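This one's a predicted model, so the numbers in the text were calculated from it and none came from an experiment. Quick note: numbers below take in every heavy atom, side chains included, and nothing from hydrogens, waters or symmetry partners.
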Amino acid sequence: MASRGGPRAAGTDGSDFQHRERVASHYQMRWVSPVPGPGEHTPPQQALMAPRSLPSVTLKSEIKKLIYTHVVLWLLLLAQMVVGHLKLLPHDQVAMPYQWEYPYLLSILPSLLGLLSFPRNNISYLVLSMISTGLFSMAPLIYGAMEMFPMAQQLYRHGKAYRFIFGFSAVSVMYLVVVVAAQVHGWQLYYSKKLLDSWFTSTQEKKKK
């Protein structure tokens with residue numbers, strides 16, 4: 001490869017640069033300088049956009065980590081249901097599930113749609129994943145927080161608990177699950193929105209070309 005003012009690699013005259021491998025655009029992180037050079041003018045919109053948002057591959061990686069965390073929580077809740085309904089352990093060791101846990105089992109669908117959208121950057125699947133996350137993930141968690149509030153209030157005021165999970169108050173354990181799951185889904189929606197914007201921008205750039 002030829003360099004300005006430097007030696008040229010043997011076997012090439014420097015004209016074959018167009019045939020060399022390049023890094024795909026969605027793997028690149030670009031910096032748009034807000035300070036114009038001599039004789040240049042940078043529009044205010046361009047200055048506000050610097051630096052450019054995270055590349056698609058980084059956003060996908062973050063969403064996958066959140067999905068895998070969600071799957072672990074989902075499997076734990078499923079295990080509680082199986083143990084409770086099949087009576088594999090006494091109910092004083094593993095309490096029966098709360099009502100909100102049953103609709104929350106559907107929260108696996110948004111995660112699957114999100115994973116299916118990644119290989120071909122399928123915008124439709126990603127949008128469906130975001131909508132169903134609100135319906136099947138966030139809504140049951142909100143309902144769960146309301147359902148368990150009287151038991152949590154009783155535990156706080158009187159120190160009485162009637163349902164346990166391996167010696168711990170069931171309402172305390174499940175409130176912890178609700179808090180963790182809400183953060184997982186919240187960040188999942190945040191990164192999904194950024195990924196959706198990235199895909200829209202990439203699609204518009206391709207149409208212009």
Side-chain angles (χ1 to χ4, degrees), residues 56-156 160-197 199:
S56 174
V57 65
T58 303
L59 293 171
K60 288 179 182 179
S61 176
E62 294 299 325
I63 295 174
K64 284 180 180 178
K65 293 176 185 177
L66 293 168
I67 288 176
Y68 297 150
T69 303
H70 165 237
V71 170
V72 172
L73 293 174
W74 186 86
L75 289 174
L76 289 175
L77 293 181
L78 181 63
Q80 180 203 2
M81 291 184 182
V82 171
V83 171
H85 285 288
L86 297 181
K87 299 179 180 179
L88 300 178
L89 290 173
H91 287 168
D92 59 349
Q93 291 189 24
V94 178
M96 289 292 291
Y98 290 98
Q99 292 298 317
W100 68 268
E101 296 180 56
Y102 297 100
Y104 185 75
L105 287 180
L106 295 174
S107 65
I108 196 66
L109 297 177
S111 295
L112 293 177
L113 285 171
L115 290 175
L116 289 174
S117 71
F118 291 163
R120 296 188 177 183
N121 293 357
N122 193 307
I123 293 177
S124 300
Y125 280 179
L126 186 60
V127 171
L128 286 174
S129 174
M130 294 173 66
I131 295 173
S132 54
T133 296
L135 293 175
F136 301 142
S137 302
M138 299 302 290
L141 291 176
I142 294 172
Y143 173 73
M146 296 171 62
E147 178 191 2
M148 297 186 298
F149 181 75
M151 284 77 82
Q153 195 174 33
Q154 186 179 33
L155 177 65
Y156 176 75
K160 294 182 179 180
Y162 301 98
R163 304 170 74 170
F164 297 91
I165 296 179
F166 295 114
F168 297 95
S169 167
V171 68
S172 301
V173 174
M174 299 316 295
Y175 252 117
L176 179 61
V177 171
V178 167
V179 170
V180 173
Q183 293 187 54
V184 168
H185 295 305
W187 282 107
Q188 187 176 348
L189 286 172
Y190 173 78
Y191 285 122
S192 295
K193 178 61 169 63
K194 284 190 168 295
L195 181 60
L196 186 63
D197 292 340
W199 286 356

Beyond-backbone contact of [X] with [Y], side-chain heavy atoms, under 4.5 angstrom:
{"X": "S169", "Y": "M151", "answer": "no"}
{"X": "N122", "Y": "L116", "answer": "no"}
{"X": "Q80", "Y": "M174", "answer": "yes"}
{"X": "L77", "Y": "P97", "answer": "no"}
{"X": "S137", "Y": "P110", "answer": "yes"}
{"X": "D92", "Y": "F164", "answer": "no"}

Atom pair [atom1]/[atom2] of [X] and [Y] - distance to nearest 0.5 Å:
{"X": "I131", "Y": "L113", "atom1": "CD1", "atom2": "CG", "value": "10.5 Å"}
{"X": "Y191", "Y": "T58", "atom1": "OH", "atom2": "OG1", "value": "10.0 Å"}
{"X": "S61", "Y": "L66", "atom1": "OG", "atom2": "CG", "value": "9.5 Å"}
{"X": "I67", "Y": "L115", "atom1": "CD1", "atom2": "CG", "value": "4.0 Å"}
{"X": "Y104", "Y": "L78", "atom1": "OH", "atom2": "CG", "value": "12.5 Å"}
{"X": "Y156", "Y": "F149", "atom1": "OH", "atom2": "CZ", "value": "11.0 Å"}

Pair W187-E62, side-chain contact (heavy atoms from CB on, under 4.5 Å): steps then yes or no
CA-CA 9 Å; W187 282 107; E62 294 299 325; over 6 Å; no

What pair of heavy atoms forms the shortest contact from [X] to [Y], and how long is it?
{"X": "F166", "Y": "V94", "result": "CZ-CG2, 3.7 Å"}
{"X": "Y162", "Y": "Q154", "result": "CE1-OE1, 3.6 Å"}
{"X": "W199", "Y": "S117", "result": "CH2-O, 3.4 Å"}
{"X": "L141", "Y": "A182", "result": "CD1-N, 3.6 Å"}
{"X": "M148", "Y": "V171", "result": "O-CG2, 3.6 Å"}
{"X": "S172", "Y": "L155", "result": "OG-CD2, 3.3 Å"}

Full working for side-chain contact (heavy atoms from CB on, under 4.5 Å) between M130 and Q188:
CA-CA 8 Å; M130 294 173 66; Q188 187 176 348; over 6 Å; no

Tell me, yes or no, whether the heavy-atom count around Y102 atom OH, taken from other residues, nucleotides or ligands under 6.0 Å, exceeds 12.
yes

When you measure from the side chain of [X] to the backbone of [Y], do you find a donor-acceptor pair of N or O atoms at a distance under 3.5 Å?
{"X": "T133", "Y": "S129", "answer": "yes"}
{"X": "Y175", "Y": "A145", "answer": "yes"}
{"X": "H91", "Y": "G84", "answer": "yes"}
{"X": "E147", "Y": "Q99", "answer": "yes"}
{"X": "K60", "Y": "F118", "answer": "yes"}

side-chain contact (heavy atoms from CB on, under 4.5 Å) evaluation trace for W100 with I142
CA-CA 9 Å; W100 68 268; I142 294 172; over 6 Å; no

